[in-house]
Amino acid sequence: MTLVIGLTGSIASGKSTVSKMFSELNIPVIDADQISRDVVEPGEPAYKQIVNVFGRKVLHEDGTLNRKKLGKVIFANEDHRKQLNEIVHPEVRKEMVLQRDGYKDGAAPAVVLDIPLLFESQLMDYVERTLVVYVDEGTQLERLMERDQSERVDALERIKSQMPVSKKAELADAVIDNNGTVEESFQQLKDILHRWNIV
Ligand SMILES: CC(C)(COP(=O)(O)OP(=O)(O)OC[C@H]1O[C@@H](n2cnc3c(N)ncnc32)[C@H](O)[C@@H]1O)[C@@H](O)C(=O)NCCC(=O)NCCS
Ligand SMILES: Nc1ncnc2c1ncn2[C@@H]1O[C@H](COP(=O)(O)OP(=O)(O)OP(=O)(O)O)[C@@H](O)[C@H]1O
């Protein structure tokens with residue numbers, strides 16, 4: 001049986017970093033962020049709805065989505081964020097389920113759904129176990145600003161648009177404390193997967 005693991009956390013808590021560790025262990029990862037990029041490509045249904053709702057101001061000259069501009073709009077305004085989520089999330093969920101079911105009862109001992117908004121979007125029924133990558137707020141802000149070269153106000157807007165990662169850690173079946181080194185987090189992951197009889 002293939003165990004379906006929901007990997008989540010908050011922005012810049014280290015989900016992608018832990019996703020890479022799963023790949024190193026030959027455990028497949030389905031990345032909701034990547035799917036959310038695929039479904040807004042020009043010509044996709046969600047792309048047309050985004051242009052209808054937000055206008056061409058959120059597009060580059062070449063017609064592709066200006067992610068920075070759309071991000072500014074939706075992280076500064078909850079109503080706009082809800083409008084975008086209503087357009088994109090159903091398309092992401094459809095594709096995620098398709099990919100997940102392709103792995104079930106396959107050879108892999110587990111498949112991972114990397115879903116940033118797993119708890120906010122109440123997607124716990126899509127997975128069997130939840131794993132949260134935890135980081136304290138100060139480290140989260142520092143790493144986010146460093147990675148995205150973003151301003152403090154923009155980084156804080158994104159962090160505040162999600163459930164606090166400390167709350168997610170309380171809801172999770174297992175937690176990786178990612179405040180230390182990447183190696184220390186990798187050891188925590190292996191210990192959890194050993195407990196779950198995956199490795
Ligand atoms: C607004 C967009 C265009 C900004 O793109 P950008 O390349 O700057 O960010 P990216 O997509 O890489 O997201 C980075 C992180 O932001 C956070 N985030 C993204 N969208 C949201 C959202 N709607 N609500 C809360 N947090 C979000 C997540 O932690 C995500 O991992 C993009 O984030 C988007 O399309 N969001 C709506 C779809 C969505 O909710 N995706 C995240 C979960 S599937
Ligand atoms: N243990 C760690 N030590 C130092 N830096 C780290 C650690 N874990 C992650 N990072 C760095 O912190 C930043 C955020 O990590 P990552 O991109 O994995 O977070 P994320 O949760 O996937 O973010 P997002 O929600 O935006 O997808 C990256 O630049 C990453 O290299």
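Keep in mind the model is a prediction, meaning the values are calculated, not measured. Numbers here are sequence positions counted from 1.
- Closest of all the heavy-atom pairs between Asp33 and Pro116 is OD1-CG, 3.5 Å.
- Proximity of a side-chain donor or acceptor of Thr181 to a complementary backbone N or O of Glu184 within less than 3.5 Å is detected.
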Point to revise | Worked verdict on Val4 versus Tyr126 for side-chain contact (heavy atoms from CB on, under 4.5 Å) | key: CA-CA 8 Å; Val4 182; Tyr126 284 60; over 6 Å; no

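- Minimum heavy-atom separation, Asn85 to Pro90: O-CD, 3.6 Å.
- Through direct or relayed side-chain contacts under 4.5 Å between Ile, Leu, Val, Met, Phe, Trp and Tyr, Leu7 connects to Leu3, Ile5, Val18, Met21, Phe22, Leu25, Ile27, Val29, Val112, Leu131, Val133, Ile176, Val182, Phe186, Leu189, Ile192, Leu193, Trp196, Ile198, Val199.
- For Asn179 (side chain) and Asp136 (main-chain N/O), a donor-acceptor pair under 3.5 Å exists by modelled atom type.
- Across all non-hydrogen atoms, the minimal contact from Val165 to Ser13 is CG2-CB, 4.5 Å.
- A donor-acceptor pair under 3.5 Å is formed between the side chain of Ser161 and the backbone N or O of Arg158.
- Screening residues 109-129 for salt bridge (Lys or Arg N to Asp or Glu O under 4.0 Å), with sequence neighbours left out, gives Glu120-Lys168.
- Atom CE of residue Met96 and atom CG of residue Asp101 lie 11.0 Å apart, to the nearest 0.5 angstrom.
- Shortest non-hydrogen contact noted between Gly63 and Pro42 is O-CG, 3.9 Å.
- Residues passing the side chain to side chain contact (heavy atoms under 4.5 Å, CB included) test with Val73 are Phe54, His80, sequence neighbours excluded.
- Every residue meeting the side chain to side chain contact (heavy atoms under 4.5 Å, CB included) condition with Pro28, not counting sequence neighbours, appears here in chain and number order: Tyr103, Ala108, Val111.
- Looking at residues two or more places apart in sequence or on another chain, you find no side-chain hydrogen bond (donor to acceptor under 3.5 Å, both in side chains) involving Asn66.
- Annotation for Leu117: hydrophobic cluster partners, listed by chain and number, are none (ILVMFWY side-chain heavy atoms under 4.5 Å, direct or chained).
- Cluster partners of Val153 are absent, since no Ile, Leu, Val, Met, Phe, Trp or Tyr has side-chain heavy atoms less than 4.5 Å from it.
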Review point. Are Thr8 and Thr130 close enough, and set up right, to give a side-chain contact (heavy atoms from CB on, under 4.5 Å), and what steps lead you there?
Key: CA-CA 7 Å; Thr8 192; Thr130 53; 5.6 Å; no

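- Residue Glu61 qualifies as open at atom CD: its count of foreign heavy atoms under 6.0 Å is 12 or below.
- Here the straight-line distance linking atom CD of Gln162 with atom CZ of Phe75 works out to 7.0 Å at 0.5 Å rounding.
- To the nearest 0.5 Å, atoms CG (Asp173) and CE (Met124) are separated by 10.5 Å.
- Every residue meeting the side chain to side chain contact (heavy atoms under 4.5 Å, CB included) condition with Glu137, not counting sequence neighbours, appears here in chain and number order: Gln140.
- Separating the CD1 atom in Ile30 from the CG atom in Leu113 is a distance of 4.5 Å, to the nearest 0.5 Å.
- Residue pairs meeting the salt bridge (Lys or Arg N to Asp or Glu O under 4.0 Å) criterion with at least one member in residues 62-87, sequence neighbours excluded: Lys72-Asp154, Glu78-Lys82.
- Counted by atom type alone, Glu95 and Gln99 present one or more donor-acceptor pairs between their side chains at under 3.5 Å.
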Check your understanding: Hey, mind stepping through Glu91 and Lys94 against salt bridge (Lys or Arg N to Asp or Glu O under 4.0 Å) and telling me if it holds?
Key -> CA-CA 5 Å; Glu91 300 298 318; Lys94 248 190 289 184; 3.6 Å; yes

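- Cluster membership for Val175 and Val135, using ILVMFWY side-chain heavy atoms within less than 4.5 angstrom, is not shared.
- Note that the NZ atom of Lys15 and the CG atom of Asp31 stand 9.5 Å from one another [nearest 0.5 Å].
- Shown here are the side-chain hydrogen bond (donor to acceptor under 3.5 Å, both in side chains) partners of Ser16, two or more places apart in sequence or in another chain: there are none.
- Think of Leu141 as one node in a network of Ile, Leu, Val, Met, Phe, Trp and Tyr side chains linked at under 4.5 Å; its network also takes in Ile11, Leu144, Met145, Leu156, Ile159.
- By the side chain to side chain contact (heavy atoms under 4.5 Å, CB included) test, Leu171 is found to be paired with Phe119, Met163, Lys167, residues two or more places apart in sequence or in another chain being considered.
- Counting heavy-atom neighbours within 6.0 Å of Gln187 CD, excluding the residue itself, gives a total above 12.
- Summarising the geometry, atom CG belonging to Leu65 is positioned 8.0 Å from atom OH belonging to Tyr47; distances are rounded to the nearest 0.5 Å.
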